[in-house]
There are 2 protein chains.
Amino acid sequence: MTDTRTKLLDAAADALREHEAAQASARTIAGRAGVNQALIFYHFGTVSELIEAACHRAVDEAADHYREQFDRVTSLPGLLDVGRELHQRERSVGNVAMMAHLMSGAGNDPILASAARYAMSRWNAEIEPVVARVLRDSPLAEITDSAGLACAVSASFIGLELYEGVDPEGAANALDSLERLGVLVDVFDDLGPIARRALRSKLKAVRATEPRRA
Amino acid sequence: MTDTRTKLLDAAADALREHEAAQASARTIAGRAGVNQALIFYHFGTVSELIEAACHRAVDEAADHYREQFDRVTSLPGLLDVGRELHQRERSVGNVAMMAHLMSGAGNDPILASAARYAMSRWNAEIEPVVARVLRDSPLAEITDSAGLACAVSASFIGLELYEGVDPEGAANALDSLERLGVLVDVFDDLGPIARRALRSKLKAVRATEPRRA
DNA sequence: GTCTATAAGATGATAGAC
DNA sequence: GTCTATCATCTTATAGAC
């Protein structure tokens with residue numbers, strides 16, 4: 001099972017996970033895998049296709065790993081707990097960095113773009129039903145759609161990862177702030193009918209004065 | 001004023017603003033500027049230093065442009081309004097893409113990293129006092145610090161930009177969801193003492209069961 | 001300041017021996 | 001399947017004429 005193909009897939013994923021990304025060239029990846037550079041083209045055709053395959057495998061593994069944890073989530077605090085664990089694990093493993101570099105390079109390379117699209121859609125497919133289930137009984141269900149929220153969460157993860165590479169301390173502060181803001185949602189659910197009524201009337205006012213675009 | 005230096009700065013910024021980024025090489029930038037490739041090294045030393053200078057200029061211009069608008073903000077809805085305008089303008093101009101590519105390349109190149117650090121700190125310096133002023137009289141001031149929130153907002157902007165390059169529709173949905181979530185904060189301010197009390201007790205409970213890390 | 005020419009090296013990819 | 005050797009092209013950067 002540790003044949004050349006998987007060696008190359010591992011090496012490509014590692015290259016993207018670490019600082020490099022721009023240095024994810026055929027020669028460096030092959031060197032990392034301990035195999036000849038020409039084998040990349042024999043097995044995968046192009047470097048981009050190797051990277052695509054590596055990311056495909058990585059995101060599938062990660063999503064599968066969290067599936068049952070997601071299934072057990074029934075409350076928003078519970079979702080935040082899984083999210084925090086997921087963020088820390090994926091970050092330490094380097095998968096978030098991989099995604100960030102993938103999306104950043106998507107502008108130049110259509111193959112990388114399709115890989116990025118697959119990765120994001122895969123994560124959203126996991127997150128979206130959980131968000132929907134958790135918000136179903138909350139007054140928040142009336143102001144947000146779960147699909148949009150899932151996208152927002154994914155995008156923010158990516159942004160925080162990039163930000164962390166530039167200013168680790170600031171990124172940690174940002175994450176703390178977001179977590180504390182999550183308490184706000186929690187309080188809302190506990191407030192019950194009073195908040196629900198206030199929210200409804202407020203929403204009406206906002207929708208009247210500021211019609212949504214397009 | 002349209003000398004070679006500024007021509008090169010313009011061309012470098014444009015290269016980063018558009019799809020390319022990876023193709024922001026000395027030759028392509030010089031070609032875009034309509035000058036000889038060797039002049040980049042004469043005027044800036046290295047390609048990275050040219051890019052750094054271009055980003056420095058771009059973020060200074062943009063931040064100055066919004067300074068007085070930020071100063072006029074007194075409420076959270078007002079802040080969201082400016083944020084929405086800022087996001088759309090900076091996006092259409094391409095500055096957010098520039099930042100994203102800058103941060104993505106920061107891992108490889110220490111000069112790009114310092115440019116990214118400057119850009120983020122510059123924006124945070126503008127946003128942070130506004131957030132602090134707006135939240136001062138809100139019960140939310142007790143659960144979030146303005147510095148962390150400012151970082152979170154900046155990072156999320158970056159992430160959304162990258163996400164938009166991969167899935168434009170999803171990014172639009174995400175932005176809509178976040179905007180609608182902003183109404184939630186608005187409602188909180190209007191609820192007054194009831195919410196304030198509920199929030200305080202909830203915070204106590206959360207802090208007791210789940211001590212913050214490090 | 002601006003140009004040409006060029007060094008010195010990395011890149012993706014292929015041909016062909018084994 | 002794997003290797004060596006190689007192509008054509010791109011890269012940053014410099015030397016030196018003007």
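In what follows, chains carry the letters A, B, and so on, assigned in the order in which the sequence lines appear, proteins first and then strands, with residues in each chain numbered from 1.
The listed nucleotides are C:dT11, C:dC3, C:dT14; the one nearest the side chain of A:T28 is C:dT11. Among the nucleotides C:dT6, D:dG1, D:dA15, the one closest to any side-chain atom of B:R27 is C:dT6. Closest contact between the side chain of A:T46 and the listed nucleotides D:dC3, C:dA13, C:dT2 involves C:dA13. For A:T4, taking side-chain heavy atoms from C-beta onward, the closest of the listed nucleotides D:dT12, C:dG1, D:dT2 is D:dT2.
For the pair A:Y42 and A:A38, both in contact range of DNA chain D, the more 5′-proximal nearest nucleotide belongs to A:Y42. Map B:R5 and B:Q37 each onto its nearest nucleotide of DNA chain C; the residue landing nearer the 5' end is B:R5.
Rounded to whole angstrom, the span from the CD1 atom of A:I29 across to the P atom of C:dG12 amounts to 8 Å. Nucleotide C:dA8 holds its C1' atom 13 Å from the CZ atom of B:F41, rounded to whole Å. Atoms CZ (B:F44) and P (C:dT2) sit 11 Å apart, rounded to a whole Å. Across the protein-nucleic acid pair, A:I40 atom CD1 and C:dT14 atom C1' stand 14 Å apart, rounded to whole Å. Here C:dA15 presents its P atom at 16 Å from CG of A:L39, a figure rounded to the nearest Å. Taking atom CD of B:E49 as the reference point, atom P of D:dA13 lies 9 Å away to the nearest angstrom. One atom, NE2 of A:H43, and another, P of C:dA13, lie 16 Å apart when rounded to the nearest Å. We find that CG of A:N36 is positioned 13 Å from C1' of C:dG16, with the value rounded to whole Å.
Side-chain atoms of A:H101 come within 3.5 Å of backbone atoms of A:A97 as a donor-acceptor pair (strictly under, hydrogens ignored).
The pair A:D60-A:R122 meets the salt-bridge criterion, with a side-chain N (NZ, NE, NH1 or NH2) lying under 4.0 Å from an Asp/Glu carboxylate O.
Residues B:S121 and B:N124 have side chains that never bring a donor and an acceptor to within less than 3.5 angstrom of each other.
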**Report entry** Derivation and outcome, salt bridge (Lys or Arg N to Asp or Glu O under 4.0 Å), residues A:R17 and A:D14
**Finding:** CA-CA 5 Å; A:R17 280 193 252 259; A:D14 288 347; 3.7 Å; yes
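Taking side-chain N and O atoms only, B:S25 has a distance below 4.0 Å to OP1 or OP2 of D:dT11.
A cation-pi arrangement, defined by a distance under 6.0 Å to the six-membered ring centre and an angle within 45 degrees of its axis, is absent between A:R91 and A:F157.
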